[in-house]
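Reading through the structure tokens given below for one structure.
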Amino acid sequence: MSDRQPSRRILERDDRAVSNQVGYILAIVIITILMAGLVSATSGLVTQTTEQGTEAELQIIGDRIGAQILSADRILATDGTATVVLNPDVPSQVNGNSYTVTYDKSNSKLVLESTGSGITVSIPLETEHEIDVESTQESEWRIYTSSDDIKLGSPGGDS
């Protein structure tokens with residue numbers, strides 16, 4: 001029996017193998033925490049970049065539609081009986097989401113809003129003639145004149 005007690009003491013004092021395992025587990029825990037922090041920090045950056053991209057794209061689309069409306073307004077101002085039909089080349093979606101176009105008559109602004117993210121862009125747009133947006137969400141847009149108005153709607157609209 002005396003032989004067993006010394007061997008037991010030797011095992012109790014020998015903790016080298018345990019320290020290697022504990023060190024390995026601590027290293028994995030630290031790496032996991034660092035990775036979680038990195039993912040958390042970069043996810044906010046990706047969201048912000050996506051929102052900025054959506055806003056920039058809406059601004060470009062609004063500028064294109066606005067330029068076409070101003071062209072129709074100038075033609076209508078020159079010749080009040082002219083029939084104008086313009087098809088602005090704009091995408092049907094912004095960053096995978098559809099968007100709406102409205103005209104705020106009180107502030108004379110064309111307003112574009114992404115339906116997925118809720119980002120809104122306003123384009124100042126003053127014309128001599130009334131602007132009427134017939135439908136707010138289209139995959140294709142058509143700008144045309146009707147008597148003394150400028151209309152923005154689908155290609156199936158009156159021309």
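Side-chain contact between I123 and Q59: present, with at least one pair of heavy atoms (C-beta onward) separated by less than 4.5 Å. In this structure the side chain of S114 never reaches within 4.5 angstrom of the side chain of N95, judged on heavy atoms. Counting heavy atoms from C-beta outward, L152 and Y103 have side chains that stay 4.5 Å or more apart. The shortest side-chain heavy-atom distance between I143 and V84 does not fall under the 4.5 Å cut-off.
The distance from the CD atom of E126 to the NZ atom of K109 is 10.0 Å, given to the nearest 0.5 Å. Taking CG of L112 as the reference point, atom OG1 of T100 lies at 7.0 Å (rounded to 0.5 Å). Atom CD1 of I65 is separated from atom CG of L125 by 10.5 Å, given to the nearest 0.5 angstrom. Rounding to the nearest 0.5 angstrom, the gap separating the CD1 atom in I61 from the CD atom in Q93 is 10.5 Å. Considering CD1 of I69 and OG1 of T145, their distance stands at 12.5 Å, rounded to 0.5 Å. How far CE of M35 is from CD1 of I28: 13.5 Å, rounded to the nearest 0.5 Å.
The nearest pair of heavy atoms linking A77 to H129 is N-CE1, 3.5 Å. Pairing each heavy atom of S117 with each of N97, the nearest pair is N-ND2, 4.1 Å. Annotation for P88 and L86: closest pair CD-O, 3.5 Å, computed over non-hydrogen atoms.
In the hydrophobic clustering, where aliphatic and aromatic side chains (Ile, Leu, Val, Met, Phe, Trp, Tyr) are joined below 4.5 Å either directly or transitively, I33 groups with I25, V29.
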**Request:** Any chance you could lay out the side-chain contact (heavy atoms from CB on, under 4.5 Å) test for R74 and T127, step after step, and finish with the verdict?
**Result:** CA-CA 8 Å; R74 282 192 301 272; T127 59; over 6 Å; no

**side-chain contact (heavy atoms from CB on, under 4.5 Å) between Y99 and V121, worked out** = CA-CA 11 Å; Y99 60 92; V121 171; over 6 Å; no

**Message:** Assess the residue pair T102 and V133 against the criterion (side-chain contact (heavy atoms from CB on, under 4.5 Å)); give the C-alpha distance rounded to whole Å, side-chain angles, the decisive distance to 0.1 Å, and a yes or no.
**Reply:** CA-CA 6 Å; T102 55; V133 178; 5.6 Å; no

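Between the side chain of T54 and the main chain of T50, a donor-acceptor pair closer than 3.5 Å is present. Of the possible donor and acceptor atoms, one in the side chain of T115 sits under 3.5 Å from a partner among the backbone N and O of S98.
The local environment of CG in D89 is sparse, with at most 12 non-hydrogen atoms from other residues, nucleotides or ligands closer than 6.0 Å.
Linking Ile, Leu, Val, Met, Phe, Trp and Tyr whenever their side-chain heavy atoms come within less than 4.5 Å puts L70 and V101 in one cluster. Cluster annotation: I119 and I60 are assigned to distinct hydrophobic clusters (Ile/Leu/Val/Met/Phe/Trp/Tyr, side-chain heavy-atom contacts under 4.5 Å, transitive).
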